[in-house]
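First the proteins, then the strands, lettered A, B, ... as listed; each starts at 1.
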Amino acid sequence: MDFSDSPEEAAFRKEARAWLEDNVPSKEEFKGLDEVGQAKLWQKRKYDAGWACISWPKEFGGRGASPIENVIWNTEEAKYELPGAIFSIGQGMAAPTMMMWADDEAKARYLPKLASGEEVWCQLFSEPAGGSDLAALRTKAEKDGDEWVINGQKTWTSGAQYSDYGILVLRTDPSVPKHKGLTYFYIDMKAPGIEIKPIKQISGGANFNEVYFTDMRVSDSQRLGGEGQGWQVALTTLMNERASIGAGGGSVGVDSVFKLAQRVQIDGKPATQNAAVRARLADWYCQESGLKYTSWRALSALSRGETPGPENSIGKLVGASKAQDMASFAIDLQEMAGAIRDPKLSADAAMYQETFMAIPGLRIAGGTDEIMANIIAERVLGLPQDIRVDKGIPFSEIPTGA
Amino acid sequence: MDFSDSPEEAAFRKEARAWLEDNVPSKEEFKGLDEVGQAKLWQKRKYDAGWACISWPKEFGGRGASPIENVIWNTEEAKYELPGAIFSIGQGMAAPTMMMWADDEAKARYLPKLASGEEVWCQLFSEPAGGSDLAALRTKAEKDGDEWVINGQKTWTSGAQYSDYGILVLRTDPSVPKHKGLTYFYIDMKAPGIEIKPIKQISGGANFNEVYFTDMRVSDSQRLGGEGQGWQVALTTLMNERASIGAGGGSVGVDSVFKLAQRVQIDGKPATQNAAVRARLADWYCQESGLKYTSWRALSALSRGETPGPENSIGKLVGASKAQDMASFAIDLQEMAGAIRDPKLSADAAMYQETFMAIPGLRIAGGTDEIMANIIAERVLGLPQDIRVDKGIPFSEIPTGA
Amino acid sequence: MLREQAQGFLADNCPPAVVRAVLEGDHEYDEGLWKKIIEMGWTATVIPEEFGGLGLSFLELSVIAEELGRVVAPVPFSSSVYLATEALKLAGSVEQKEKWLPKLATGEVIGTLAMSEGAGRPDAGNIKCEESDGTLTGTKIPVPDAGIAGLSIVLAKSGEGASLYLVEMAQGSKVAVTPVTTLDPTRGHGQIEFDGAQAQLLGEAGQGMRLLEKLLDQAAVLFAWEQVGGAQAALEQAKGYAMERFAFGRPIGSYQAIKHKLANMYVKNTLARSNCYYGAWALSTGADELPLAAATSRVSAIQAYYFASKENIQTHGGMGFTWEFDCQFYYRRAKLLSVNIGSEAMWQDRLIDAYEQNVA
Amino acid sequence: MLREQAQGFLADNCPPAVVRAVLEGDHEYDEGLWKKIIEMGWTATVIPEEFGGLGLSFLELSVIAEELGRVVAPVPFSSSVYLATEALKLAGSVEQKEKWLPKLATGEVIGTLAMSEGAGRPDAGNIKCEESDGTLTGTKIPVPDAGIAGLSIVLAKSGEGASLYLVEMAQGSKVAVTPVTTLDPTRGHGQIEFDGAQAQLLGEAGQGMRLLEKLLDQAAVLFAWEQVGGAQAALEQAKGYAMERFAFGRPIGSYQAIKHKLANMYVKNTLARSNCYYGAWALSTGADELPLAAATSRVSAIQAYYFASKENIQTHGGMGFTWEFDCQFYYRRAKLLSVNIGSEAMWQDRLIDAYEQNVA
């Protein structure tokens, strides 16, 4: 593995850098637009110049760039503060699923608009009774001629309120074992029969929604994969989810906490001189560095044509807990004042307090720590699956505790 | 809960202290005796004066002392370096089992000699294929008239080589489910048909043995409990085992490591001034203190007539890992010299290195960390048992991987 | 007896809805609950009878603290009882005690301790709040219950070094309070600006840090009991959910990952509780071991509550971080209590200081 | 290519029986294996061709280090190659290099570094070993491979401060070696007493600590690779046992307690390995980031190996701590390597030093 650019990579980086320098929107261009508007403006600009979703094939609006080029681009783009999170589910999860399972007509219709940001997608998998047991979903679709009729409730849907389309898995046959009675669809989120309610989190934010379906109708042509093949299709989406969620934890990391520790005193000296503080920071630095180079290694593997494995689960498993502990530690460094959550009064605009309140979600969304550890144990190490009491039992007969 | 002696307790403490002062054997008295000889000398002296197994009823050689008095006695006796570990299994595990399950004749015959130290007992439960799954034992006993014929192998038997008697569980019916085909006996360890081989540990010591049975005969009168009731009897023994093994870790604790840190320098100052060292020591102190007062609380409960619960598992679960980490930490404090295991060259006579090599055994013997956590989860918190694939299946049909 | 009484009282008067109302509303505490607590005599627990109190011991107060912690009570109990009242008992002159203790006992006045001046540990070398000629000038932030307190005990410096001062809050523009948002809105906090406020010396001049240390040692035990109570409640909530919630056809509490997580909570809680018993004994008997016992209680209680509160959310999965679930109460309170009288790191350091003293 | 070759070679020449023979015997290393390693040219890997070496890079040496670590090889490779050889390359005069490097390359001489003088971190302020007029007096303990080394690089003080010295070991009573028992008898250690031994300055006088730091930065990456190799082997052993061993009618590897334990091992090993890749890159390119990359590799590798080696034993249950099982190899070696060029705590401190330098 080489940690410096090859001549071709350096040339690509230069090109990307130059384009960004000339094209990143100014504050004035963004003025008056909400988060969605800002994101769409920037995405369209990238699309028009061939810098959107650069690893996608050109026919779908991409650039056919290599994985390494993709990382170089992402690194360079990340040097600016730019909107774009609203596209991550559509481009990161829905698009790969469509590429693998949709027919050519659907691909031609939807993928370019996903790349250009003109259409935003969301994902509707989780349900109240599901949790880690995703396949235990109950929202049902019943066939009625060339259409399906959907009834039930999804939850934890990010961006449902501003999305144009959504991907979802539904129970089409409760009489067969859990994983076998599911079918996968994409739907128009603006169609009748859908009601969206925001879920307020303990951080005070509401990034997720509950989505209720009442006799909502969807054409059979919007089915991805065969009837009863929904779980298989969903796995395509999920493998991409874990790669795209990543470590999280925002800006709380060794860089920020180290700088905070320089400003805070212990025994009359900067906290960075305190051996206990140093030891903690050193351990976290090892984790950050290890995660960074692990993702580079996964990338090298990718560029050698290997498929990235569930090794990516490491990022989420380690990163979320680390961010929680670091936020807690940064709060402690401030002593009593660490409790203050007012951005005007608290260090770094209350970033540590905000992270502390938001992070419990990151240890859960997209698979809990416990599920991640299971994935590593089973799929990487090849250890046996947990004993399954629901195996082979018709879905309708599985114990639920309810 | 009160942490000071009541007047009665103070009087008892004074009496115990005075007796110890007058009767603890001098080095010269011990001279020329091996560990077993020394232990027997001291035990007999206590017994003759009414200070052996003081919480036992007087009829069995005890003193009928209260739990609090027992702790006071143990605390006072522990102030001297005295032998006695060879009796802990007999007095701590075999005796309570005999008290509950043996007939009066057997109690009268065996308990006083257990108290006086004239007879040493061992426990033979574990088997090579068993491990945490104790009830999976295979050593069999077949009935032949008024006798049973034993064939098979036990392992991890402490003190088999110097024991007079042993308690053991045997499979008397492999055609019924695992826990139901067991029967409990006590045997004469000097009888024919027994072969004892020491097991060398990674520490270099050999505290355990393998014990082989070849057509060994035992009278049916030495059965404790009914045929097939062996598991129930074994539970009596095991509940007492967990209480008697305790935390372990010998002398490696905050006291010793703090003193070591005073003698070792970091950046030209005693390591006790290093904030990272202080933080680690503080955490361990909290654990030590917490364990100490938890056992006092269990004791208070005992003195109020309540049965001590599996809360004692905490001691072993926390204590063994803590001792391992502290030994490792103390080695690190010495830097390169920490690797030296020569008692003449290494700090505190290589106590940290010896503990480091011995401690992996303590995290396993008497129930692994994982089993202790299960016990707490199931018996204290009431969480469901692990899914059991061997439940209700005849023992001979349970998968073994072999 | 007292415990059952306290539990019954709080079950009736401080159900989760009361906590939630303060969390979601504009009030800094639940006034109704506070009034009833006063009626129960809890604020008077350890005030001597001669000053209008009940003259009970810290053992009784520990029981109350644990129960208040268990229900995450939104009241200024710790500020008024563990800190302001004790500061007066510790260092007040007879006049000062006669004037204030009866009012604190009856709850006529809420007291608090104004110590922090922003990020970091306050000490004689870095505090800026200054007394001169009986008046005080400077800013304290954050101060728990600043907006509802009638009396504050203030750490400030003067010619003789750091000292404690008694300051009546009702002094017009000389004592200005601004509310401050914290991680735990169920407990009010504020910033106090003293601008030439009348201040009376409490205890000997220049002895502020010594008094504060003594005061915090005492308070550490009582805070630790609140933390242990909260940690226990978080464990119970997690356990309840783990038994009810099914995944893959069986309760999630039957998976070892969850079982061992809850077993770990239980272990940490039990060790912390045992340390707290010892702390309460040392506190109630005035034993020399108090500094060590207090730091031990405090460090282990901080660790236990942080662990229990975050892993309770984790056990709940997605539900755990929704606003409508109560898991957040423990998570917020755990963090607030962990910094409110000095962080884990500060108390680890104090623990070893005390240990060194005991060894020497 | 190199990796497959190394694995094949070590599978043939360093099976567990070879390690066990040294553990249980009187030898300080396996001489047969060592000779074959020399024949493979491994000792010559990073020695320039002009001095009889192969002139390969640290990337190749990293691969060899990992594979030697994986099989817990009982040979003086680290002392002679990472330390003595590199010290000469770093600070030796042309004459010194010409004299010693070819001998180290061909294995004619085993080299070592004599740094420690007993408990604690050696530094300019506390070392007692002293040079004066070209002779050295003092005691070094423990010194890896002291009993088999022909050459030692010694940290000692003189009028100009701490310096490094080259000392030939064959000097009769002037250089006396006594064997020292350590936690890991598969690697020989000794005490060296220098009594007026001939010593030659290596590098500039008074620059001993600076040189040593540079040398240890380099060695840290290679030690870390050995540790990662060992940690990986421990994980594989644990996994193999967890699949084979049944409890309660199913493999113990199907219990979450064991699954998650092994997943944690995998996570720690993977992060350490990734850091080591970066460390190897920094080492091979002479990048400015070497101090930071080295400390990061070292700290994470120490933690990964300690965890993997102790939890491998734990996974094995009773078998794990018997002498006849090989789990002990990793446990012993993990601890030895964790202190041999400075402890986790020392490297955490160096990591933050380096981080501060990079930030500044």
Residue [X] versus chain D: region with a heavy atom under 4.5 Å:
X: B:Ile393; result: neither
X: B:Phe356; result: both
X: B:Leu333; result: backbone
X: B:Asn274; result: neither
X: B:Gln324; result: both
X: B:Ala129; result: backbone
X: B:Lys344; result: neither
X: B:Thr155; result: neither

Practice item. Verify whether one side chain among D:Tyr306 and B:Asp325 offers a donor that lies under 3.5 Å from an acceptor in the other. Key: yes
Point to revise | Residues which pass salt bridge (Lys or Arg N to Asp or Glu O under 4.0 Å) with B:Glu370, listed by chain and number, not counting sequence neighbours | key: D:Lys261
Practice item. Could you please spell out the steps behind the side-chain contact (heavy atoms from CB on, under 4.5 Å) verdict for D:Glu324 and B:Lys200? Key: CA-CA 8 Å; D:Glu324 61 172 321; B:Lys200 190 172 174 188; over 6 Å; no
Could you look at [X] and say if it's the side chain, the backbone, both or neither that has a heavy atom under 4.5 Å from chain B?
X: D:Met115; value: side chain
X: D:Asn340; value: both
X: D:Pro142; value: both

Testing the basics here: between [X] and [Y], what is the closest heavy-atom pair and its distance to 0.1 Å?
X: B:Asp386; Y: D:Arg250; result: CB-NH2, 4.3 Å
X: B:Ala337; Y: D:Ala119; result: CB-N, 3.5 Å
X: B:Asp332; Y: D:Ser343; result: O-CB, 3.8 Å
X: D:Thr322; Y: B:Trp156; result: CG2-CH2, 3.1 Å
X: B:Ala339; Y: D:Leu336; result: CB-CD1, 3.6 Å

Review point. Relative to chain D, which of B:Ile398, B:Val264, B:Ile199, B:Ile266 shows the most heavy atom pairs under 4.5 Å?
Key: B:Ile266
Practice item. Could you tell me which of B:Asp342, B:Ile340, B:Asp369 has the largest number of non-hydrogen atom pairs under 4.5 Å with chain D? Key: B:Ile340
With rounding to the nearest 0.5 Å, note down the distance linking [atom1] in [X] to [atom2] in [Y].
X: D:Phe321; Y: B:Ile359; atom1: CZ; atom2: CD1; result: 11.0 Å
X: B:Arg341; Y: D:Thr181; atom1: CZ; atom2: OG1; result: 9.0 Å
X: B:Ile364; Y: D:Gln314; atom1: CD1; atom2: CD; result: 4.5 Å
X: D:Trp323; Y: B:Ser203; atom1: CH2; atom2: OG; result: 8.5 Å
X: D:Glu311; Y: B:Arg363; atom1: CD; atom2: CZ; result: 4.0 Å
X: B:Tyr352; Y: D:Lys335; atom1: OH; atom2: NZ; result: 13.5 Å

Review point. How about B:Glu335 and D:Val339: do any of their side-chain heavy atoms sit closer than 4.5 Å?
Key: no
Check your understanding: With side chains defined as the heavy atoms from C-beta onward, is the minimum distance between B:Ile331 and D:Leu183 less than 4.5 Å?
Key -> yes
Name the option with the most non-hydrogen atom pairs under 4.5 Å to chain B; the candidates are [options].
options: D:Arg121, D:Met319, D:Gln328; answer: D:Arg121
options: D:Ser116, D:Gly318, D:Gly125; answer: D:Gly318
options: D:Gly320, D:Ala247, D:Ala257; answer: D:Ala247

Exercise for review: Could you walk me through whether B:Met336 and D:Glu117 pass the side-chain contact (heavy atoms from CB on, under 4.5 Å) test, one step at a time?
Suggested key: CA-CA 9 Å; B:Met336 274 190 80; D:Glu117 297 186 359; over 6 Å; no
Point to revise | Worked check of side-chain contact (heavy atoms from CB on, under 4.5 Å) between D:Ile313 and B:Ile202 | key: CA-CA 10 Å; D:Ile313 295 180; B:Ile202 62 175; 3.9 Å; yes
Check your understanding: For B:His179, does the NE2 atom have more than 12 heavy-atom neighbours from other residues, nucleotides or ligands under 6.0 Å away?
Key -> yes
Exercise for review: Give the C-alpha distance, both sets of side-chain angles, the deciding distance and a yes or no for side-chain contact (heavy atoms from CB on, under 4.5 Å) between B:Met357 and D:Tyr331.
Suggested key: CA-CA 9 Å; B:Met357 291 312 296; D:Tyr331 189 63; 4.2 Å; yes
**Study point:** Where at least one partner belongs to residues 263-272 of chain B, residue pairs that pass salt bridge (charged side-chain N to carboxylate O under 4.0 Å, His left out), sequence neighbours excluded
**Key:** B:Arg263-B:Asp348
